[in-house]
Each structure stands twice: as C-alpha cells, then as structure tokens.
Amino acid sequence: MKVYFIDKTGKNLRIKNEIEDYGIKNIETKDTYKFRCTKNDYVIVSEYVENEPDNDALLKYNNLVFLIDNASKEIIWELVNKYQVVDVISSKCEERYIAERITKLIKE
C-alpha cells in the first residue's frame with residue numbers, strides 16, 4: 001500500500017509532513033492527477049476544484065480522501081456519488097486534526 005498526496009500548488013505540504021509525523025511514511029507527492037496506483041493505495045487530493053477538466057482522471061482511483069474549501073452539501077454529495085471516496089474533510093480544519101483523521105483512515 002502506498003499513499004499519494006496530490007498538491008498542485010504546493011500550499012498543503014505541511015499537512016503531508018504532519019501525516020508523516022503520525023507514522024505514515026513514504027508518502028509520494030504529486031502535482032497532477034495522472035499517475036498509476038493500485039486498488040489498495042490511498043490518494044489524498046488536497047486542493048479539489050470543481051469543474052476542472054482533470055477531475056475525470058480521479059475516477060480510476062479507489063481510496064480517495066478529499067480536502068475541500070467549500071464544504072457545501074452539494075459538493076460533498078457529488079464527490080461521494082461520483083468517486084470512490086473514503087472521506088471528505090474541510091480544509092478549514094486545523095492541520096493537526098486533518099493529519100490525525102487521515103492517519104486513522106489509513107491505519108484501519
């Protein structure tokens with residue numbers, strides 16, 4: 001099992017470092033949605049933007065964790081029904097909380 005952290009702009013690398021501090025090692029950082037992974041891998045999307053053409057590439061991944069700015073019911077509903085989502089987390093939460101929550105998901 002691998003963990004991929006997609007951060008297109010590099011703004012959320014502190015969250016990746018927090019997750020590593022909680023014991024999840026070898027997290028690969030990506031700046032695009034196009035890469036290979038297996039069914040057991042986790043993909044953390046740190047900057048989901050609606051209506052982006054690259055979002056269709058996320059359909060091929062299984063264990064997705066989304067960090068979103070706009071946590072409206074409509075967006076969460078769309079994510080859960082369109083993709084294979086494990087969790088949707090508001091990026092407005094504290095970085096430590098986000099890292100703890102993701103670590104719990106991965107270690108289960």
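- For Tyr61 and Gln84, the side-chain atoms include no donor-acceptor pair closer than 3.5 Å.
- Residues Tyr83 and Ile76 share a hydrophobic cluster, clusters being chains of Ile/Leu/Val/Met/Phe/Trp/Tyr side chains in contact below 4.5 Å.
- Summarising the local packing, NZ of Lys39 is surrounded by 12 or fewer heavy atoms from other residues, nucleotides or ligands at distances under 6.0 Å.
- A salt bridge links Lys30 to Glu28: one of the charged nitrogens lies within less than 4.0 Å of a carboxylate oxygen.
- Interatomic distance, Glu20 CD to Thr103 OG1, rounded to the nearest 0.5 Å: 10.0 Å.
- Each of Leu64, Asn55, Ile6 was checked for a side-chain contact (heavy atoms from CB on, under 4.5 Å) with Tyr48, and the lone residue meeting it is Asn55.
- Following chains of ILVMFWY side-chain contacts shorter than 4.5 Å, one can reach Val86 starting from Ile106, so the two form part of one hydrophobic cluster.
- Residues Arg96 and Glu100 are not paired through a salt bridge, judged by the lack of any N-O separation under 4.0 Å between the basic side chain and the carboxylate.
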Could you go step by step and tell me if Ile102 and Ile44 meet the side chain to side chain contact (heavy atoms under 4.5 Å, CB included) rule?
CA-CA 9 Å; Ile102 292 172; Ile44 303 165; 3.6 Å; yes
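- In the displayed structure, Asn26 atom CG is contacted under 6.0 Å by at most 12 heavy atoms of other residues, nucleotides or ligands.
- A distance of 7.5 Å separates OG1 of Thr29 from CD1 of Ile27, quoted to the nearest 0.5 Å.
- Residues that satisfy the salt bridge (charged side-chain N to carboxylate O under 4.0 Å, His left out) test with Asp56, not counting sequence neighbours, are Lys82.
- One hydrophobic cluster holds both Leu59 and Ile68 under the rule that ILVMFWY side chains link at heavy-atom gaps under 4.5 Å.
- For the pair Ile19/Lys16, no side-chain contact is recorded, criterion being any heavy-atom separation below 4.5 Å from C-beta on.
- Arg14 is linked by a side chain to side chain donor-acceptor pair (under 3.5 Å) to Glu95, counting only residues two or more places apart in sequence or in another chain.
- Annotation for Lys2: atom NZ does not count as buried by contact number, only 12 or fewer foreign heavy atoms lying within 6.0 Å.
- Inter-residue side-chain proximity for Ile98 and Leu67 is flagged as met; some heavy-atom pair is nearer than 4.5 Å.
- Sorted by first then second residue, the ring-ring contact (aromatic ring centres under 6.0 Å, His included) pairs that include residues 88-108, not counting sequence neighbours, number zero.
- Using a 4.5 Å cut-off on side-chain heavy atoms (C-beta onward), Val43 and Val65 make no contact.
- For Lys104, there are no side chain to side chain donor-acceptor pair (under 3.5 Å) partners at least two apart in sequence or on another chain.
- Partners of Asp7 according to the side-chain contact (heavy atoms from CB on, under 4.5 Å) rule, which considers only residues two or more places apart in sequence or in another chain, are Phe5, Thr9, Asn12, Leu13, Ser46, Glu47.
- Between Tyr4 and Phe35, the gap from one ring centroid to the other is short of 6.0 Å.
- Residues in residues 66-81 take part in no salt bridge (charged side-chain N to carboxylate O under 4.0 Å, His left out) pair, two or more places apart or across chains.
- Across every non-hydrogen atom of Lys34 and Asp54, the tightest pair is NZ-OD1, 4.4 Å.
- Considering only heavy atoms from C-beta on, Leu58 comes within 4.5 Å of Val45 through its side chain.
- In the hydrophobic clustering of this structure, Phe66 does not group with Ile15; members are Ile, Leu, Val, Met, Phe, Trp, Tyr whose side-chain heavy atoms approach within less than 4.5 Å, directly or through other members.
- Side chains of Val3 and Asp41 form no contact here, defined as non-hydrogen atoms less than 4.5 Å apart.
- Geometric assessment of Lys8 against the ring of Tyr33 yields a positive cation-pi assignment under the 6.0 Å and 45° thresholds.
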